[in-house]
Amino acid sequence: MNLQFAKILVLAPHTDDGEFGCGGTISKFAGTGTEIYYAAFSLAEESVPPPYPKNILETEVKAATKVLGIKPDHLLLYKYQVRHFATHRQSILEDLVKLNLDLAPDLVLMPSLHDLHQDHSTVAMEGLRAFKKTSILGYEMPWNNLNFSTQSFIKLTKPDIDKKTRALECYESQSAKIYASKEFIISLARTRGAQIGVQFAETFEVIRWIF
Ligand SMILES: [Zn+2]
């Protein structure tokens, strides 16, 4: 089956989540002419480690999304306070409803409904509310997923994985995290590829499927 989407919207609670969860898939579809929008809901200024400037994630997400082939004006940044999304649930939902009206994507990529991070969980739940009439796939973040159902896979090429690791290398301020290791990113893509008999893949939970 050769799927083609006109417009994909990636929901990233924090700036690097989309690259981690579905960077290879973004690269794949950006290369086929699909319009890709990336909405990040926090610049996580309170989590930036010293000596980096508090707004470093804004600089890093611009560089990372460019590597993946996302146009600068398709990067949408919101400034919710990291770890406090639940307090602003309704406001986030209203932003998502507006995104749906403005963009009308035919596929939404967002955190899994089984993601334990409180901000990821809010974006997943409100994302489902806002985009219930749209196909939605939940991306994998093994360090946050209590469990994950590998229901669907997107096959990737070596250049897609190279772009994913290069995009993540733009996040110098996050490089100390264990899961930021290039070896880990490639190994996970190889693991998911091996499940379906190809070299590289990303896996997704099917949250809504409308075709
Ligand atoms: Zn996050």
Side-chain angles (χ1 to χ4, degrees), residues 8-27 36-50 52-65 67-68 70 74-89 91-93 95-96 99 108-131 136-148 164-182 184-185 188-189 192 202-205 207:
I8 294 176
L9 172 62
V10 179
L11 302 181
H14 314 108
T15 46
D16 54 5
D17 293 322
E19 291 87 337
F20 275 122
C22 56
T25 297
I26 293 172
S27 163
I36 300 183
Y37 286 80
Y38 186 114
F41 288 82
S42 177
L43 296 174
E45 296 186 336
E46 290 157 39
S47 299
V48 171
Y52 296 101
K54 291 295 172 198
N55 65 346
I56 185 73
L57 283 160
E58 183 169 353
T59 310
E60 291 174 340
V61 72
K62 285 179 179 168
T65 49
V67 168
L68 294 178
I70 297 172
H74 288 187
L75 172 63
L76 311 165
L77 299 176
Y78 299 83
K79 294 192 174 176
Y80 287 98
Q81 189 184 3
V82 64
R83 291 185 291 277
H84 290 268
F85 284 21
T87 314
H88 306 287
R89 182 201 65 75
S91 177
I92 289 170
L93 174 59
D95 286 336
L96 290 164
L99 279 175
V108 174
L109 303 175
M110 70 178 198
S112 156
L113 293 170
H114 302 109
D115 191 312
L116 278 177
H117 190 294
Q118 61 271 47
D119 292 345
H120 295 203
S121 173
T122 299
V123 168
M125 205 55 236
E126 302 313 322
L128 178 53
R129 287 200 173 98
F131 294 98
I136 305 175
L137 296 177
Y139 53 70
E140 181 184 33
M141 309 196 90
W143 52 97
N144 282 336
N145 295 138
L146 185 59
N147 49 52
F148 192 90
K164 177 171 182 168
T165 57
R166 277 202 289 123
L168 285 164
E169 280 165 7
C170 295
Y171 289 99
E172 201 189 312
S173 69
Q174 307 299 306
S175 60
K177 290 182 174 158
I178 290 170
Y179 51 79
S181 135
K182 185 174 177 179
F184 171 74
I185 301 296
L188 183 61
R192 297 317 180 195
E202 284 172 341
T203 185
F204 296 86
E205 285 188 340
I207 298 172

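Start at 1 and go down the list; that is how both ligands and their atoms are numbered. Atom set for the values below is all heavy atoms of this structure, side chains included, hydrogens, waters and symmetry mates excluded.
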Using a cut-off of strictly less than 2.8 Å, determine whether Asp17 has an N/O/S atom near the Zn ion (ligand 1).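 So Asp17 does bind the Zn ion (ligand 1) by this criterion.
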
Just checking: His117, one of its N/O/S atoms, less than 2.8 Å away from the Zn ion (ligand 1), yes or no? no

Once rounded to 10 degrees, what value does the angle at the Zn ion (ligand 1) take between ND1 (His14) and NE2 (His120)? 110°

In this structure, is the centre-to-centre distance between the rings of Phe85 and His14 below 6.0 Å?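 His14 vs Phe85: aromatic centres under 6.0 Å.
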
Distance-only polar pair, side chains of Asp95 and Tyr80, donor-acceptor under 3.5 Å: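 There is such a pair (donor and acceptor under 3.5 Å, judged by atom type) between the side chains of Asp95 and Tyr80.
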
Quick one: does any side-chain atom of Tyr171 pair with a main-chain N or O of Ala64 as donor and acceptor, under 3.5 Å?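 Side chain of Tyr171 to backbone of Ala64: no pair is present.
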
Should the pair Tyr179 and Trp143 be assigned to parallel (<30°), tilted (30 to 60°) or perpendicular (>60°) ring geometry?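 Tyr179 and Trp143: parallel rings.
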
